[in-house]
Amino acid sequence: MTINNIERLHKISSVQPLSEQDSEEHSSPIACNDDANAMTPHTKHDHASKEWIEEWKVSGMDCPSCAKKVENAVNQLEGVLSSKVRFTTEKLVVTLRDPSLKSEVEKATEKAGFSLTSLSSQQQSWKVNGMDCPSCAQKIENAVSKIEGVQNVHVLFATEKLLVTFSQPANVEQIEQACQNSGFSINNLSEPTPVSSSHKSSNIIQDNLQIISISGAMLLGALAKIWSPEISDWMFTLTCLLGLIPIGKKAIQLARSGTPFAIETLMTVAALGALYLGETIEAAMVLLLFLIGERLEAFAASRARSGVQTLMELVPENATKIVNGERVVVSAASLQPGDLVEVSPGSRLPADGQLQDNHASFDESALTGESIPVEHQKGDNVMAGSIATDRVVRFKITSKQGENAIDRILHLIEDAESRKAPLERFLDKFSRWYTPLMMLVALMVIITPPLVFAQAWDTWIYRGLALLLIACPCALVISIPAAITSGLATAARRGALIKGGAALEQLGKVEVMAFDKTGTLTKGKPEVTDIIALNDTNKDDLMRYAGAVETGSSHPLATSLIRKVEAHGVMIPEAINKQALAGIGVQGEVDGQLIQLMSPSKLTMSLNDTIQQTVEQLEDQGKTVVIVNRDSQTVIGIIAWQDTLRNDAKQAIQALHKLGIRSIMLTGDNPRSADAISNQLSMEYKASLLPQDKVDFIEQLAKQSHVAMVGDGINDAPAMKAASVSVAMGGGTDVALETADSAITHNRLTELPAMIELSQATVANIRQNVSLALGLKAVFLVTSLLGITGLWVAVLADTGATALVTLNALRLLRFKPKSIE
């Protein structure tokens with residue numbers, strides 16, 4: 001995969017194709033129109049009618065019906081003249097009587113279950129230190145979202161990044177203070193302050209010392225019990241109280257910042273309750289088990305993040321720069337486009353660069369999943385993080401700091417994490433009321449038996465406290481994001497970039513997979529096989545006319561024809577009034593004559609029997625044929641191309657069939673050529689399709705089945721948009737990549753069944769995790785109410801469930817597809 005492909009892939013996670021309505025607004029810097037009185041690039045004020053047009057990016061939409069929900073919620077507001085959600089570009093456009101209604105629009109949309117980001121807002125990012133699990137991310141989001149001027153907050157757990165969108169100037173110090181109050185420190189990424197290894201080591205030692213100290217104190221308390229039970233009880237009480245001080249302090253900070261039902265709160269209440277009941281040993285044990293559980297969660301989280309961290313470490317810290325013919329070791333961060341660097345065998349490229357040597361091989365497996373070293377020639381672009389395998393090579397740097405291939409993939413991963421799956425969004429909402437509800441249930445357990453049935457208060461206070469610990473939602477909250485993060489990381493390692501949890505979930509439901517032909521099932525590099533001049537036109541003139549009309553086109557057939565004409569030494573004249581006829585052909589004026597290259601099936605003129613027979617013979621051989629005519633009256637030639645199937649196309653289709661997925665080829669090519677190719681692949685086909693025909697077919701198919709569309713060209717984008725889920729080939733056009741829910745960076749079709757299997761494995765893993773989390777809670781809920789298990793078992797149930805679901809999710813990192821073994 002080239003650097004350009006990676007650049008295009010960056011757009012896959014943040015840009016959507018323009019609809020017909022959107023294309024107008026993007027024709028000028030003013031998004032709404034060209035009004036000179038526009039207030040911001042995305043805000044228009046109409047002085048005559050006193051109207052304001054505001055735009056937002058909508059997050060959380062899965063289908064067009066979601067767009068309708070947003071519109072209904074906004075249209076009910078007084079002062080809203082109109083609202084329109086453009087599902088394909090995830091954009092909400094609202095016409096308001098008063099700009100002060102912006103906040104009301106955002107609140108209404110949030111109540112409908114979706115979040116908005118103003119397109120006139122500014123965003124800033126920080127590196128977060130100290131997160132152990134996704135629930136930590138939720139604590140930070142709750143705290144920061146309360147600050148005035150903050151419009152949207154998202155914490156990316158995988159890359160430890162805090163993203164804050166401001167609707168108005170906000171106090172950055174307040175954000176840093178809010179995070180600190182929640183127990184986390186942040187570093188502004190615009191002014192990085194790296195943490196030294198010695199500082200990291202000291203934190204690790206300090207954390208472990210706390211556990212060791214409490215363990216030692218408990219051991220002394222246990223030994224003291226032999227001689228003096230009273231002193232032993234005081235030692236356990238003192239140990240528990242001292243250990244609770246930082247936990248209780250953090251619980252208070254979290255409550256103030258918007259997270260009153262954190263695990264720290266539950267732990268503090270449970271431990272103090274146990275001390276009140278005189279259960280000093282159990283109170284100290286609960287505290288110790290909690291701290292050990294926190295450390296285990298931190299370890300599991302670091303393992304889950306290891307794939308991303310490994311990717312971040314692919315770029316070396318230093319580079320050998322050539323300055324005035326001498327080698328100088330410099331920081332990789334200081335490299336600028338145009339710098340010349342030298343890389344020795346076994347070393348990684350510090351930035352994207354252009355090869356200056358005649359040829360060399362590079363290991364790009366960490367970026368593309370391609371295990372075989374790739375041969376590059378002089379002038380080729382090579383990605384940062386690639387390993388020089390066979391010789392010392394020199395490069396001219398082409399990427400700026402923070403914009404190399406690694407950085408762009410990290411941006412993709414971050415954006416993918418921000419796009420939650422429907423299951424994950426449901427669980428987020430569920431967890432908001434689950435913990436308060438369980439605290440109410442625990443309170444009822446404590447007070448009901450003593451008040452109604454005259455039971456002992458101590459017994460039911462103890463059981464209520466145990467229930468409180470069991471109610472902790474950590475295992476449930478982490479069950480889905482842990483699985484999705486592992487699934488996305490595994491896909492990225494295999495060379496498949498999936499646009500978030502929603503897309504990953506949808507891939508597993510695919511029943512029908514539709515393929516574009518050229519560039520998807522075939523290599524997209526057709527060669528001209530036949531040039532037949534007719535009606536007193538010589539071959540050179542035919543090539544001259546055809547080349548003139550096709551010059552400037554990026555279509556594979558056009559570029560192949562230009563290469564053929566140039567190879568024959570034919571001078572190509574300038575054509576005027578050139579026009580592409582979508583799905584039909586192309587035309588232009590050459591030497592005062594209208595020259596058209598058109599598909600035989602789209603011709604408005606009739607062909608004589610000899611020409612028709614020639615066309616049919618060529619099409620029967622699987623070739624793509626066009627008729628060249630002059631002034632829409634005279635056929636002056638026939639040109640035929642032949643493309644070759646991708647080497648793994650047949651294997652990929654067979655693997656899909658094994659998974660029970662129906663495959664169908666959609667092409668604008670003639671039926672004979674399509675039939676010849678589909679027979680080789682044992683798949684269905686639809687031929688002679690215009691772009692709109694593909695859209696119509698996909699829409700009809702989507703009404704009956706869950707359909708995926710795989711393509712690479714501009715004409716595939718509308719059909720990809722109409723499909724339930726879409727996949728772009730990494731070497732495709734910008735528009736196809738922007739439209740797609742995922743992309744295959746290495747262009748191997750065998751990755752398609754692997755992606756389906758990975759999606760199914762991820763969904764199965766999520767079900768297992770939720771079952772484990774809820775199942776364990778249900779079991780210990782009953783045993784705690786019956787008095788069979790106590791507080792320390794309740795803590796074990798919570799931390800054990802969290803560890804189990806995390807470890808279960810990590811199994812996805814070792815995923816291997818069965819369909820292509």
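Position 1 is the first residue of the sequence, and the numbers go up from there.
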Is it true that a side-chain atom of [X] and a backbone atom of [Y] form a donor plus acceptor pair closer than 3.5 Å?
{"X": "S399", "Y": "A351", "answer": "no"}
{"X": "E176", "Y": "I186", "answer": "no"}
{"X": "T95", "Y": "L81", "answer": "no"}

Working to the nearest 0.5 Å, report the span between [atom1] of [X] and [atom2] of [Y].
{"X": "N318", "Y": "L335", "atom1": "CG", "atom2": "CG", "answer": "10.0 Å"}
{"X": "S182", "Y": "I140", "atom1": "OG", "atom2": "CD1", "answer": "7.0 Å"}
{"X": "E104", "Y": "T109", "atom1": "CD", "atom2": "OG1", "answer": "11.0 Å"}
{"X": "N181", "Y": "I252", "atom1": "CG", "atom2": "CD1", "answer": "11.5 Å"}
{"X": "N808", "Y": "N765", "atom1": "CG", "atom2": "CG", "answer": "4.5 Å"}
{"X": "E317", "Y": "S331", "atom1": "CD", "atom2": "OG", "answer": "8.0 Å"}

Exercise for the section: Before giving the answer on side-chain contact (heavy atoms from CB on, under 4.5 Å), spell out for L163 and V153 the whole-Å C-alpha distance, their side-chain angles and the decisive distance to 0.1 Å. Expected result: CA-CA 6 Å; L163 302 177; V153 185; over 6 Å; no
Problem - Set of residues satisfying side-chain hydrogen bond (donor to acceptor under 3.5 Å, both in side chains) with respect to N75, sequence neighbours excluded - result: S83
Practice task
Kindly write out the residues that satisfy side-chain hydrogen bond (donor to acceptor under 3.5 Å, both in side chains) with S213, not counting sequence neighbours, or none if the list is empty.
Solution key: none
Nearest non-hydrogen partners of [X] and [Y], listed with the distance:
{"X": "V144", "Y": "C179", "value": "CG2-SG, 3.9 Å"}
{"X": "E78", "Y": "L101", "value": "O-CD1, 3.7 Å"}
{"X": "I498", "Y": "S742", "value": "CA-CB, 3.8 Å"}
{"X": "A483", "Y": "I766", "value": "CB-CG1, 3.6 Å"}
{"X": "A73", "Y": "L77", "value": "O-CG, 4.0 Å"}
{"X": "L812", "Y": "S486", "value": "CB-CB, 3.9 Å"}

Problem - Side-chain H-bond candidate by donor/acceptor type, D352 with T398, under 3.5 Å - result: no
For a 4.5 angstrom cut-off between non-hydrogen side-chain atoms, does [X] reach [Y]?
{"X": "L92", "Y": "V105", "answer": "yes"}
{"X": "L96", "Y": "V80", "answer": "yes"}
{"X": "I175", "Y": "W126", "answer": "yes"}
{"X": "I247", "Y": "L287", "answer": "yes"}
{"X": "W56", "Y": "E106", "answer": "yes"}
{"X": "I211", "Y": "L288", "answer": "yes"}
{"X": "N769", "Y": "L804", "answer": "no"}
{"X": "L810", "Y": "L807", "answer": "yes"}

